[in-house]
Amino acid sequence: MFVRGLKRKCFDGEEDIEGTLAGIKAIPSYNLQRQSLLDMSLVKLQLCHMLVEPNLCRSVLIANTVRQIQEEMTQDGTWQMINTQSTGQASLDRLVSTDILCRSSREQAEGKHVPGYGTFSKDFESDQGQGSSETMSTTSSVQAPRNLQSNMWEMENPQENKGNFQKSLDQIFETLENKSPNSVEDLFSEVDNSYYDLDTMLTGMMSNTKMGHCDGLETFSSPANTASNSNCKSDLNELDHIVEILVES
Amino acid sequence: LLAGFGSVMQDVLWCFSQVKGTIDIGVTEADIISTVEFNHTGELLATGDKGGRVVIFQREQESKNQPHRRGEYNVYSTFQSHEPEFDYLKSLEIEEKINKIRWLPQQNAAYFLLSTNDKTVKLWKVSERDKRPEGYNLKDEDGRLRDPSMITMLRVPVLRPMDLMVEATPRRVFANAHTYHINSISVNSDYETYMSADDLRINLWNFEITNQSFNIVDIKPANMEELTEVITAAEFHPHHCNTFVYSSSKGTIRLCDMRTAALCDRHAKFFEEPEDPSNRSFFSEIISSISDVKFSHSGRYIMTRDYLTVKVWDLNMENRPIETYQVHDYLRSKLCSLYENDCIFDKFECVWNGSDSVIMTGSYNNFFRMFDRNTKRDVTLEASRENSKPRAILKPRKVCVGGKRRKDEISVDSLDFSKKILHTAWHPSENIIAVAATNNLYIFQDKVN
C-alpha cells in the first residue's frame with residue numbers, strides 16, 4: 001500500500017552511534033528525512049502545472065509545509081549553509097558545526113518528532129538507484145567536509161535554486177495566479193533534475209496504490225525520468241507558441 | 001416511522017437497500033460520483049458525477065402490500081448539467097465535474113436544484129409532464145400548420161394523458177463570477193438568495209439575477225505571494241438568513257453577519273481550537289485543514305471535518321469544539337506516506353441525521369463511520385458489493401492497529417486507499433443514507449422489524 005517512499009537512509013558509519021543513542025531508530029537521519037520532505041514538496045508544487053488549473057488549496061498547504069521546513073532549517077542553521085557560497089575557512093567551520101548540530105538536534109528532536117517520522121523508517125525500498133546514491137553522497141559531504149568548493153547543496157543542485165527558494169515559491173504562486181508561459185518555463189528551468197529521481201517512486205506508487213484520478217501526479221505516468229522532463233518542456237514550448245498565436249490574433 | 005428519533009436511543013441496525021452503478025472492474029472516470037444530496041423531503045436523491053451529469057432518484061410510494069420494502073429509489077431524471085470548457089486566456093481546461101448540488105425547497109409542482117462545477121452555477125428545473133394538449137385548430141396532430149382557409153369549425157383543445165416524461169431545463173446560468181474553483185454553494189433560508197464560495201471569495205446571488213453578484217467575502221491578499229490560507233467550505237445558517245460560516249485550510253471557522261457590512265471581512269465569531277503541541281509535525285497544518293462544514297438542523301451547532309477527525313462546535317463557544325470524534329486515528333502515524341500519495345489532501349464530507357443526534361462521515365477502504373452524540377458510541381460500516389443482499393444487515397468493521405489481528409479485522413496496511421467515501425447524505429427525517437463509493441451509490445436503511 002505505501003510504496004517506495006523516500007530515499008534510503010544512510011546508516012553507514014552510524015551503527016555505533018545508534019547503539020549509544022538509545023531508542024532513536026527513526027531519528028538518525030532527521031535532516032535527511034526533512035530534506036526528503038522538502039524535495040517531495042517542491043516536486044509536488046511543480047507538478048501542479050497541468051492542463052487543468054491546479055488545486056489552490058493543495059498548493060497552499062504544500063507551500064506552507066515548505067515554508068515551515070525552511071523556517072526550521074533557518075533556525076537550526078542548516079539553511080545558512082545553503083545560502084552562502086562556500087569559501088575558505090569560515091565555511092569549513094560552518095559545515096563542521098552543522099554536523100554537530102545535526103547530531104544534537106537529533107537528540108532534541110527525538111521527543112517531538114518521532115510520531116511524525118515513524119513511517120520514514122518503515123518505508124524502505126531498495127531500488128532507489130540514483131536517489132539513494134545521492135543521499136549517500138549528501139551524507140558523506142556533511143560528515144567529511146573535505147571538499148570546500150562543493151558543499152552538499154551544490155552537489156545536489158548545481159543551479160543553487162535552493163538559495164532562491166523563496167523566489168521559487170513566489171514564482172509558483174504567480175504562475176498559479178496567471179499562467180504566463182514565461183514564468184512557468186523559468187520555474188521548470190530551475191528544477192534540478194534530481195527531483196525527477198522521485199519519478200520512479202511516484203510511478204511505482206501510482207501503480208501500487210491503484211489511484212484512480214490524481215491530478216497532481218498524472219504527468220508521471222510515463223516511466224522514463226528524462227523523457228517526462230523533456231516532454232514537459234516541449235509541451236510548454238508548444239504552449240508558448242500557441243499562446244503567442246492566440247494573443248497576436 | 002422515525003426510528004432513532006426522540007429521547008429513547010436504540011441501536012440502529014443498518015441494512016443494505018440498493019446499489020446504483022456498474023460493477024465493472026475498470027471504472028470510467030466520468031462515472032465517479034462527486035456529490036450526493038437528498039432534497040428537503042427526502043423524496044428525491046440527486047447525484048452529480050465527474051462527467052458533469054446529474055442523476056435524480058425518486059422514492060417509490062410505499063406499498064401496503066410490501067411494507068418491508070420501504071420505498072426504493074429509482075431513476076427519475078438524468079441530464080447533462082455541465083460540459084467541459086476551455087479557458088483560452090489561461091490555456092486551461094475547466095472540468096465539468098459537479099462539485100455540489102443543493103436543492104431548493106419545493107414551492108410548486110416542479111423541483112429546483114443548483115448544481116455547480118468549478119466555475120459556473122446553474123439552476124435546473126425538473127418537472128413532470130403527463131398530459132399533453134390535443135386538438136389544436138391551427139396545426140394538426142403532427143404539428144404541421146393547417147391552412148386557415150380550410151378550417152370550418154373551431155374546437156377547444158383538450159388535455160389527454162401521456163406517458164410520464166420528466167424534463168430538466170436550465171433556468172438560470174450564473175457564470176463568470178469566480179476566478180478560483182467553486183467549492184461550495186448554499187441556499188439561503190430566505191429562498192431568494194444563495195452563495196457560492198471559491199478558494200478566495202464568496203459571492204451572494206439572487207436567483208433571479210444572473211449577470212450580477214455581490215462579493216461578500218474576499219481573502220485574496222494584494223500580493224499572491226503572501227497567500228497562506230484559502231476558503232474550503234461555506235454554508236448559510238438554516239434559519240437566520242443574515243448569518244453564514246466559512247472554513248479555512250488552517251482549521252478555522254468564521255461566522256459572519258451580513259447585516260454588519262457589505263463586505264464581511266471581519267467575522268462576528270472566530271472558531272479555532274488551540275494546537276496540541278505534543279502532536280505537532282510538519283503535517284499538522286495539512287491535517288487541520290477543514291474539508292467540510294455543516295450547520296446542524298437546529299442551527300445551534302456546526303460540524304467540521306478535517307483529515308482525521310470530525311468536530312462539533314457550539315456557536316456560543318469559539319475557543320474549542322464541544323465534541324471531537326476520531327475517524328481513523330490509525331492514519332496518524334502514516335501521514336508521511338499519505339502526503340506522498342496525496343491522500344492527505346482528500347476532502348471528506350460530513351453529515352447530520354435529521355435529529356442532529358448522529359453524525360456520519362467517510363473513510364478509506366469504502367468504510368464510513370457514524371457517531372452517536374448521545375450514547376458516544378460509534379460504528380464503522382462498509383459499502384461493498386459483498387454485503388449487497390437485500391436487507392442484509394451490515395456488519396460493523398474494525399481496523400486492527402497493531403499486534404494481533406482478529407479474524408474479522410483488517411490491518412491498516414491492507415486498507416485500499418483508492419476506495420474512499422468522500423460523499424454521503426442522510427435523509428432529512430428517516431434513517432436512510434446514501435453513500436457514494438467511487439462510481440457506485442449505496443443506499444442503506446435501518447432495519448424494519
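Proteins get letters first, then strands, A, B, ... in listed order; numbering begins at 1 in each.
Proximity to chain A is limited to the side chain of B:Lys347, based on heavy atoms less than 4.5 angstrom apart. The contact between B:Leu200 and chain A is made entirely by side chain atoms (from C-beta outward), counting heavy-atom distances below 4.5 Å. The part of B:Ser289 that comes within reach of chain A is its side chain, from C-beta onward, which places non-hydrogen atoms under 4.5 angstrom from that chain. Only the side chain of B:Thr232 comes within less than 4.5 Å of a heavy atom of chain A; its backbone N, CA, C and O stay farther away.
In terms of heavy atoms, A:Ser41 sits closest to A:Leu37 at OG-O, 2.7 Å.
Counting only heavy atoms from C-beta outward, the side chains of B:His328 and B:Leu308 approach each other to under 4.5 Å. Side-chain contact check for B:Arg385 versus B:Tyr442: some heavy-atom pair is nearer than 4.5 Å. At a threshold of 4.5 Å between non-hydrogen side-chain atoms, the residues A:Ile62 and B:Tyr339 count as touching.
Among the candidates B:Val230, B:Asp198, B:Asn223, the residue making the largest number of heavy-atom pairs closer than 4.5 Å to chain A is B:Val230.
A salt bridge between B:Arg397 and B:Glu386 is absent, with no side-chain N of the basic residue lying under 4.0 Å from a carboxylate O of the acidic one.
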